[in-house]
Amino acid sequence: MQVRKPSVKSAGDSRALRRLIHRTNRITQTLLLLLRAGCALSVAWYLGAYAWIVWNRVRYPFDLEWMEGGMVDHVRFLMSHGNIYVPPSLEFVPYVYNPFYYAVAAVVTLFTGEGYVALRLVSIGGSLVCMGLIALIVSRETRSREMGILSSGLFAATYAVGGGWFDIARVDSLHFAFCLGAIALVRFAKRHAHLVAAAVCVWLAFETKQSGVGIAIPLACYLVIFEGWRQALWFALPCGALVGGSILILNVASGGWYWFYTFSLTGQLASHYGRSVWRTELFGNFPFALALAFFYFAAGRSLSRGRVKTFYAMVTLTLFAIAVAVRAHAGSWMNDNLTAHAALAILSGLGAGALLNSRSGGGRLRAGALAYGMLLAQFLLLVYDPKPWVPTDADRHEGERLAAMVRASPGEVLLTHRGYLTRREGKGSFAHQMAVYNMLMIPDDRLGARTKLTAEFTQALRDKRFSMVITDWDDFPFTNELKQTYDPIPAAYVHDPKAFWCPTGARLKPVFAYVPK
């Protein structure tokens, strides 16, 4: 039988195909390097932008967000009275939060002095811990420090879509740092002490913001399913004891007012579960992160990975549920999506890591290009200009003119939406309007507290107690009483209508001024 020799043409075709594959691989490799460099530069940009914003905002002597001054008042009240859960009055009405943030800020205040700096430092520290824990979680799961850093950078990139909340005097950053601490401790627990530490983290998250207790549910379920009841009890028993015990102690110590403000009042505030704003904010802003998350859960079927995926599925669903539930409340802002943003940052890193490990050889190059391409696209989708988040010299000068106007007023001044400023200028300290609104919006008139608060404000206005009243909104709940005894005047401190608007949160400025008739 005659053996047919390969033709010159077929041999040439084979060499041409190999050259094409080699060229394609080189192009893919170059593309991969460029995409990795782009991702690294993106992380550097977002972390640098955050550092620049923090450096220029932390010492700003006025509100970055309209409730910040009220938070400073809470810390001062806690330090002077030892308790913030007191009957509402003209001078002070507590916000609806648990007390741990105020307690930590009070300790820092001992070193920095009274004011915004101490509270902002606590939030900055909390946000940095969040970034570090996200990097740790993803690094350990993917065995890639690079993926951990990219996931942490992606969380930093959510600064703008999260409302610029990481560094302001509010509870969210500290609260979520404890949530992530509990997640990491349970996931990588090697000893019973780790589970007890996770329970402490859940308790501290709850003591900072009530929704933090929700993270205990998926963690306990995971331990029961995969570790058994005995292991789960090392987490569940101290968690329940700490949370339940602290509720009981604080409620008894405050004569029942703790429960009223933190649970009863919040439960009566209006909710809008039907609105779709959270869908737009999450799904619209994070298409590539969602795609990587889908790939993470869809790829691979090994038993060990199934356990890990179950853990992150339960945790992610809970973090999304917390965001949706809190975002539905009246008065919520984009900061309430922080838990969902962190979940997407973690899943993006896990999904990219899974994609990189799903192929070998030339396929790994293409998978890598796809993974880094999706990460880079998500980074680019979140690009923001850091400048609008930083107060300008014009903002500072406008604020100084407001402070001078308050200081020059002959008596006490009611600045309804700007806590702390009147106290700093020696013009009295009065309840923040957000806390007052909360009291007036609910049907529960516990011990006649709402009636008494209304009567105090009404009487103070009728008696012309204040030499000036300044509000940010022209819908002050006591407007009718105000206009009976006060006349509107131009806000003389305003020289620049574009300056002194809060860069974070609701865009407000105290522009409605009144003096006694």
Side-chain angles (χ1 to χ4, degrees), residues 35 38-39 42-43 46 49 127 130-131 134 137-138 141 147 150-166 172-173 175-176 179-180 183 211 214-215 217-218 271-299 309-355 370-385 389 504-506:
L35 291 172
C39 288
S42 296
V43 171
Y46 284 115
S127 66
C130 287
M131 294 176 197
I134 289 172
I137 290 169
V138 176
E141 295 292 6
M147 279 302 151
L150 292 179
S151 298
S152 178
L154 188 57
F155 179 69
T158 67
Y159 183 87
V161 295
W165 225 259
F166 288 173
D172 302 81
S173 291
H175 145 262
F176 195 59
C179 289
L180 283 172
I183 292 169
S211 60
I215 199 60
I217 298 172
S271 294
H272 310 280
Y273 286 101
R275 67 183 182 183
S276 61
V277 61
W278 65 272
R279 301 176 204 166
T280 304
E281 292 168 356
L282 294 180
F283 297 158
N285 289 326
F286 297 92
F288 299 102
L290 288 166
L292 286 168
F294 175 80
F295 182 85
Y296 171 69
F297 288 115
K309 288 177 183 179
T310 301
F311 175 83
Y312 287 107
M314 291 192 297
V315 166
T316 297
L317 287 174
T318 301
L319 293 179
F320 267 75
I322 290 172
V324 172
V326 180
R327 191 74 178 95
H329 279 127
S332 74
W333 200 253
M334 293 182 290
N335 61 294
D336 291 321
N337 290 326
L338 180 143
T339 57
H341 292 169
L344 288 170
I346 291 171
L347 291 179
S348 293
L350 297 180
L355 190 55
L370 178 59
Y372 285 100
M374 294 179 74
L375 285 172
L376 182 57
Q378 186 59 70
F379 277 121
L380 294 176
L381 197 61
L382 295 173
V383 167
Y384 67 91
D385 181 1
W389 297 99
T504 294

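Along the sequence shown, residues are numbered consecutively beginning with 1.
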Taking all non-hydrogen atoms of both residues, which atom of Tyr372 and which atom of Leu35 are closest, and how far apart?
-> CB-CB, 3.8 Å

Report the residues that fulfil side chain to side chain contact (heavy atoms under 4.5 Å, CB included) with Phe294, sequence neighbours left out, ordered by chain and then residue number.
-> Ala298

Could you pull out the closest heavy-atom pair between Ser332 and Asp336, with the gap in Å?
-> CB-OD2, 3.0 Å

State, to 0.1 Å, how close Thr504 and Gly163 come at their nearest heavy-atom pair, and which atoms those are.
-> CG2-O, 3.1 Å

Are Phe155 and Phe166 an aromatic pair by the rule of ring centers under 6.0 Å?
-> yes

Report the residues that fulfil side chain to side chain donor-acceptor pair (under 3.5 Å) with Ser173, sequence neighbours left out, ordered by chain and then residue number.
-> none

With sequence neighbours excluded, tell me which residues meet side chain to side chain donor-acceptor pair (under 3.5 Å) with Glu141.
-> Arg187, Tyr312

Using a 4.5 Å cut-off on heavy atoms from C-beta on, say whether the side chain of Leu292 contacts that of Leu375.
-> yes

Separation between CD1 (Ile346) and CD1 (Ile183), nearest 0.5 Å, reads 6.0 Å

Would you say the side chain of Leu319 lies within less than 4.5 Å of the side chain of Ile215, judging by non-hydrogen atoms?
-> yes

Here the pair of heavy atoms bringing Tyr46 nearest to Leu382 is OH-C, 3.1 Å

Just how far is it from atom NE2 of His341 to atom CZ of Phe320, taken to the nearest 0.5 Å?
-> 8.5 Å

Does a side-chain heavy-atom distance below 4.5 Å link Met147 with Ser348?
-> no

Does any non-hydrogen side-chain atom of Arg327 lie less than 4.5 Å from one of Val324?
-> no

What are the two closest heavy atoms between Met131 and Ser152, and how far apart are they?
-> O-OG, 3.0 Å

Verify whether the ring centers belonging to Trp165 and Tyr159 lie closer than 6.0 Å.
-> no

Kindly compute the distance separating CG (Leu376) from SG (Cys39), expressed to the nearest 0.5 Å.
-> 5.0 Å

What closest approach, in Å, do Ser42 and Phe379 show between heavy atoms, and which atom pair accounts for it?
-> CB-CG, 3.6 Å

